[in-house]
Structures are given as C-alpha cells and as structure tokens.
Amino acid sequence: MAGGENEVKILYFSWIRERVGMGEETIGLPASVETVGQMLNWLQGRNEQFAAALEFPEIIRVALDQEHADHGQSLGSPREIALFPPMTGG
Amino acid sequence: MAGGENEVKILYFSWIRERVGMGEETIGLPASVETVGQMLNWLQGRNEQFAAALEFPEIIRVALDQEHADHGQSLGSPREIALFPPMTGG
Amino acid sequence: MTKAKVIVQSDDFDAAAEIRQLTEGKYDTGAVVTFTGLCRSEGDSLTALELEHYPGMAEAEIQRTSDEAIKRWPIDAMTVIHRFGVIQPGEQIVLVIATSRHRDAAFDGARYVMDFLKTNAPFWKKEHRTDGQAGDWVDAKESDEAAKKRWQ
Amino acid sequence: MTKAKVIVQSDDFDAAAEIRQLTEGKYDTGAVVTFTGLCRSEGDSLTALELEHYPGMAEAEIQRTSDEAIKRWPIDAMTVIHRFGVIQPGEQIVLVIATSRHRDAAFDGARYVMDFLKTNAPFWKKEHRTDGQAGDWVDAKESDEAAKKRWQ
C-alpha cells in the first residue's frame, strides 16, 4: 500500500457526527497508528472540528467492525470503524 | 355466653376442605382455646376426619378475619377463621 | 399514594387493554413491566388446573402486597389480576403490571408482587389429569418460600 | 439453543402480538415477562425524542446481549424490538419479552437485556423541545453503567 496507509471507512454518530460535520468518510490511517487510542489521537489532530469533537477522548466509544473496542486494543485491519458517544438507547 | 363458648364461622379450603368433608361451619370454641395452635389441636380431636386433615398441624395455615396468623398468636374474637394448606397460586 | 387495581375473577383478561389503561396520557411513565403466568400442561399430563380461592381474602391479600410494593418503590401505577376456576394449558392465570418513570422500580415492583402472591395469596391449584386419574393438589414449592427472602 | 428474535425498526410494534407469537402452542411456558420502554415528555418540555442508531451494529449488539441471556438462564424464547427515528411522548421505544417455565429466569433475562441494551446498543436520543429551542443529546446516566454490575 502506497505510503503505508490503510484505507478504511469511518462512521460518526450523534454529536460526534454533528461536530465533525459528516456521517462517514473513507480515509487512510498512517501505519504508525496501531491502537484505538492512537487513532483517536491522530484524528484529533486533523482539524478544528475533529479537535472539538474528540476534545475528551476518554469518553469516546469505538467499534471495530461493529464490535465495541477498548482504547488500548490493537486496531488490526477492520473494514469499518465507528466513533460515538456513550449510548442512550432503551 | 352459655358454657363459655364463642360461636365462630370456620372456613376450610383445598385438601383440608376435602378431608373434613365441608367448606364451612359455625361452631362454638371452648373458652380454654386461647391461641391459633390450641384451636388446631382442639379441632384435631373432634373426629377422624379432622384428625386426618390436621395430622401435621405445623403445615396448616390459619387466617383470622382474612389475615394470616401465626400458630402462637392469640385467637381473639374473630368473625371468621380459615384453615388452608400452603398456597399455590400465581 | 396510588392504590393498585386488584381483580380476582374467573374470566380471562386482556393484558394489552390493562396496560393501555395504566399508560394512556401518562407522559411521565417510561417503563412498563408485565408478568403473565400461564397454565402449563406438564408434558401433556394435564388437561387443566382448577384454582380454588378464598373470596375476600384473596383480594385483600393481593391488595396488601401490591400497596406495599407501591410504598417501597416509586411506582406510577399497578394492576394485578388473578383468575380462579378451571384453566386450560396455555391459558392465562395471573397478570401483574407495574409502571414507573424508570425501569428498576417497575421490575422490582412486579417481581415483589409475584414473589409474595405465590406464597401469601389464598389460591390452591388442583390438577386435572389427561389419563383420567384423580388429580393431586399442587404442592407448595420451597423455592417460592425462599424467593420472598430476597426482599428482606 | 433458541436464538432471540431481534428487530430494529422505525415503525411501532404490537407487544400483544409479539407475546402471542412466543407463547402460542407452548404449553410448557409458565411465565412471560415483558418490558416496554415509553417516551417521556419530561414535564411537557419535549415534543419528541429522535433516536439515531448504527444500522447493523444495533441489531448485532442486541442479538449478542439477548443470546447471552438465553445462555445464562433457562429461557424458552425471547423477542427484542427497538425503534429509531422520531418518537413522541407516550409512544413505545423498546420491547423485551422473555418466556420461561418459571418466573425467575423470565424476570432475570428481561432485566439483563435491558441493562446491557441501555449502555451497549448503539442508539442515541436527541430531545425535540416544546419551547422551540435546539434540543440536546440525552446524557448517558451513570446509574445505567452501574446497573450492569449486578450481573457480574
């Protein structure tokens, strides 16, 4: 893969979607991003919107291929990543 | 009251009703019967059917005026007494 | 304080209609827990259960139990219906509905009422057997006595 | 092992019909516990809640949770329906039905599913306010996180 980047679909929900200004995108993550937490850190540095949306990364929930993932978890090579706030269904 | 007896309605339910052969009766309890347990003991001595129905008095439940009563409880002067086995509703 | 609606009847009941009665126009109720007890066939060995009850005390005892639940938890409304008479496998025997703002009170309230109703409400079940033999009175279960202890 | 029936839809649901589906002809089911979650108006301050969800994962997460309940307790059958979209006060949001031979498994199973669904199923509620102001996203409650701990 050119530049060591992996193309992946990322979905955003709820107020994260509103703050980053889109529901989904496909981006290349640098190969240096190895864990869920590192990915959040990298996304936060992209622009002002992402900085605002991910200001408190500890509360952001992440799913890899539709399964909940801890921030310390290795990213692997998912087809789909999702970022969302704590859930309020039911 | 003549002979120191108090007339009271007694109701029988479930297999106690079947064994004593009636659903209810009005009887005079001797004044010497002061507690629920003493009443069970006295009823047991009435005849063969009562002896069979109340063979194991510890499992017999008693209600005084439609409220559960312990065997050690004072009988008082209820309008209505009921004898029944452990309940199996619901 | 709300009083529970308590009915003891031989007729069947409509759980959905009873739920509607408790929730219609109540826009601060967020949780409805419903328990329905059904007659089992015990592996096709029973044609029916016959429920005997103590009229008057059955209603009074269920009322005491459900009013106690309303005192213990923030319950918006409660309905309890218990049938008597001959009831066939698959038919409804008992209904408990508890509504509340949040789910915990509704779950606790409904379960509390069922736990106490089982051992304290004067109902007795007699089996009608498919093989024609005389049916037994159902034995009380020790697990039902034990279930009450979780509320102490 | 039975699999739970899981549906995520914008349409309303008929709880009574769903219960019938789980109990009809099941003569060894003795207990049905139903939880219905309703939209509250929060003292008339809301005209509606808007539920956003993550399609695919919402179904998968509810399926994982309810299948886990079926593994933990002797549950005969289970149905879970969760709505998304704009829902008005008094309307139904979520339905959980658990059936079992006895009441304990049905109560535990239904409550377990609700406790995990609240914090693990990807749904988010946004308020629509009666005063016309922009509504907030509903905050997650710490009590919901705590509720899961009782199952450890």
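The structure presented is a predicted model; accordingly, all values stated were derived computationally and were not measured. Proteins get letters first, then strands, A, B, ... in listed order; numbering begins at 1 in each.
Using a 4.5 Å cut-off between heavy atoms, C:A106 does not touch chain D at all. Of the two parts of C:A15, neither the backbone nor the side chain holds a non-hydrogen atom closer than 4.5 Å to a non-hydrogen atom of chain D. Both the backbone and the side chain of C:T29 come within contact range of chain D, judged by heavy atoms closer than 4.5 Å. For chain C, the nearby part of D:T23 is the side chain; its heavy atoms alone come within less than 4.5 Å. Using a 4.5 Å cut-off between heavy atoms, C:D14 does not touch chain D at all. Neither the backbone nor the side chain of C:K26 comes within less than 4.5 Å of any heavy atom of chain D.
Within residues 42-74 of chain C, the residues having any heavy atom under 4.5 Å from a heavy atom of chain D are, by residue number, C:E42, C:G43.
A 4.5 Å side-chain heavy-atom check between D:D144 and C:R103 finds at least one atom pair inside the cut-off. D:R111 is not listed as a side-chain neighbour of C:R111, based on a closest heavy-atom distance of 4.5 Å or more.
Surrounding CZ of D:F13 are more than 12 heavy atoms belonging to other residues, nucleotides or ligands, all under 6.0 Å away. Dense packing is recorded around CZ of D:F84, with more than 12 heavy atoms of other residues, nucleotides or ligands lying under 6.0 Å away. Sparse packing is recorded around NZ of C:K3, with 12 or fewer heavy atoms of other residues, nucleotides or ligands lying under 6.0 Å away.
Interatomic distance, D:I19 CD1 to C:T34 OG1, rounded to the nearest 0.5 Å: 6.5 Å. Note: C:D115 CG to D:D104 CG = 6.5 Å, rounded to the nearest 0.5 Å.
Residue pairs meeting the salt bridge (Lys or Arg N to Asp or Glu O under 4.0 Å) criterion with at least one member in residues 84-93 of chain C, sequence neighbours excluded: C:R83-C:E91.
Contact count against chain D (heavy-atom pairs under 4.5 Å) is highest for C:G30 among C:G90, C:G30, C:P89. Ranked by heavy-atom pairs under 4.5 Å with chain D, the first of C:R101, C:M114, C:K118 is C:R101.
Here the rule is ring pair (Phe, Tyr, Trp, His ring centres under 6.0 Å) with D:F107, and of C:Y112, C:F107, C:F35 only C:F35 fits it.
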